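Naming convention: chains lettered A, B, ... in sequence-line order (proteins, then strands); numbering from 1 in each chain. Note that this is a predicted model, so its numbers are computed, not measured.
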Amino acid sequence: MADIIIPVYVTINGTPFITGSVVVTWGIIVFLLVLSILTTRNMKMVPGVLQLFMELILAGVHWMVDSTMGSHRRSFAPYLLALALYLLVANLTGLVAIRQPTADLNTTFALAGITFFLVQVNGFRAKKLGYIKSFFQPIPFMAPMNFISELALPISLSFRLFGNMLGSMIIMLMLYSFMPILVPIIGHGFFDVFAGVIQMFIFVMLTMTFITLAMD
Amino acid sequence: MFVLLRFIIDAGFDWLAQQDPMALLLAASALGAGAAMIAGIGPGVGQGYAAGKAAEAAGQNPKGVQQITFVMLLGQAVAETAGIFSLVVALIMLYANPLFQSPALGILLLASTVGAGVAMIGGIGAGVGQGYAAGKAVEATSYRSRLQGPIIRTMLLGQAVGQTTSIYALIIALILLYANPLL
């Protein structure tokens, strides 16, 4: 049962090569690419079902960016939309009996690393030396505390998503072994759909919030 | 009195020494996993407070229920983090306790396992505090639904700072399990 915590490896000639999460992520990338191409290939003034659905998601991300970061920071919307779509699909792969790539600390830590990088770079770009100075405020003595609380961001971000998805994956495994008929539907509804969508929201929301806080 | 205490402690260590060290480590894993989950108290109280505030807010401002629910769910999901950390540590102990591979065997491994579980209890504070922040944010949203953005931003910042102690607990637990300097 140890492979529940440790990610499954894809082996070539018996040697571990890449994790299963990477393979699933490739699948998600292809899926999202095909979806984007299909949506934007011939856009119409009066949209069809697919275009309407994607426009709804785009409008939702724009609304979130406007209300959290301010409408002058729309330039972050493409990355946030990509992040939201990836996390949404990745958290929902449990529905088709594939291990979620987000139930792997490597994936979530990489995503949290991107957020951390964005926060630092944009904070420095917006405030230049004032950003570095902000670590030594209110008094220079506080600098170590400020650094630690800055480093706590990627840790809490990655472990929150990882723990949630790992927990839901294990609970679903147990549900399937106890009561394989009908009951797992309720479990999927709560642990996969509800928890997955909420955690996607949290991750995107925190990314936006921390970038804004670093820039203001 | 001290002689009696000494006798009991000695008898205890003798009994421990007679047991199979592997069985003792398994027992310690079970105990540590159980102890880690005590931290679930914190998120429970905090999320309950936020839910109560949301019910109150929905009664005062029925038009803003959508915004209130959004803020409540967001705040509760953050308040749950300490409980999720405990779950991760408990699952590590149940399914993949790395101390089983340790060459050193004995009381130190047992203490490390149980200690990692006990450390996670520190998450109670973060859970209660973040839940309180979520509740207050819900209350503010019911008065000023239009200011949802700034309210959420401030709430998430405060909650992230409140998270720090539970992250310390998680780090200590993971150090005890994976990179124990005492072994």
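For chain A, the nearby part of B:Leu170 is the side chain; its heavy atoms alone come within less than 4.5 Å. Heavy atoms of B:Leu174 lying under 4.5 Å from chain A belong exclusively to its side chain. Using a 4.5 Å cut-off between heavy atoms, B:Phe70 touches chain A through its side chain atoms alone. Of the atoms belonging to B:Glu80, it is side-chain heavy atoms, and not backbone ones, that fall under 4.5 Å from chain A. Residue B:Gln159: no heavy atom, backbone or side chain, is found under 4.5 Å from chain A. Using a 4.5 Å cut-off between heavy atoms, A:Leu153 does not touch chain B at all. With a 4.5 Å cut-off on non-hydrogen atoms, A:Phe194 touches chain B through its side chain but not through its backbone. Contacts of B:Ile152 with chain A are made by side-chain atoms alone, with heavy-atom separations under 4.5 Å and no backbone atom involved.
A:Ile170 has its side chain within reach of B:Tyr95: a pair of non-hydrogen atoms, C-beta onward, lies under 4.5 Å apart. Counting heavy atoms from C-beta on, the side chains of B:Arg153 and A:Asp216 come closer than 4.5 Å. A 4.5 Å side-chain heavy-atom check between A:Ile148 and B:Tyr168 finds at least one atom pair inside the cut-off.
When A:Thr209, A:Ile198, A:Asp66, A:Leu157 are compared by the number of non-hydrogen pairs under 4.5 Å with chain B, A:Thr209 comes out ahead. Counting heavy-atom pairs closer than 4.5 Å to chain B, the top-ranked of the candidates A:Asn164, A:Leu206, A:Ile155 is A:Asn164.
Put simply, CD1 on B:Ile84 and CG on A:Leu166 are 9.5 Å apart, with the number rounded to the nearest 0.5 Å.
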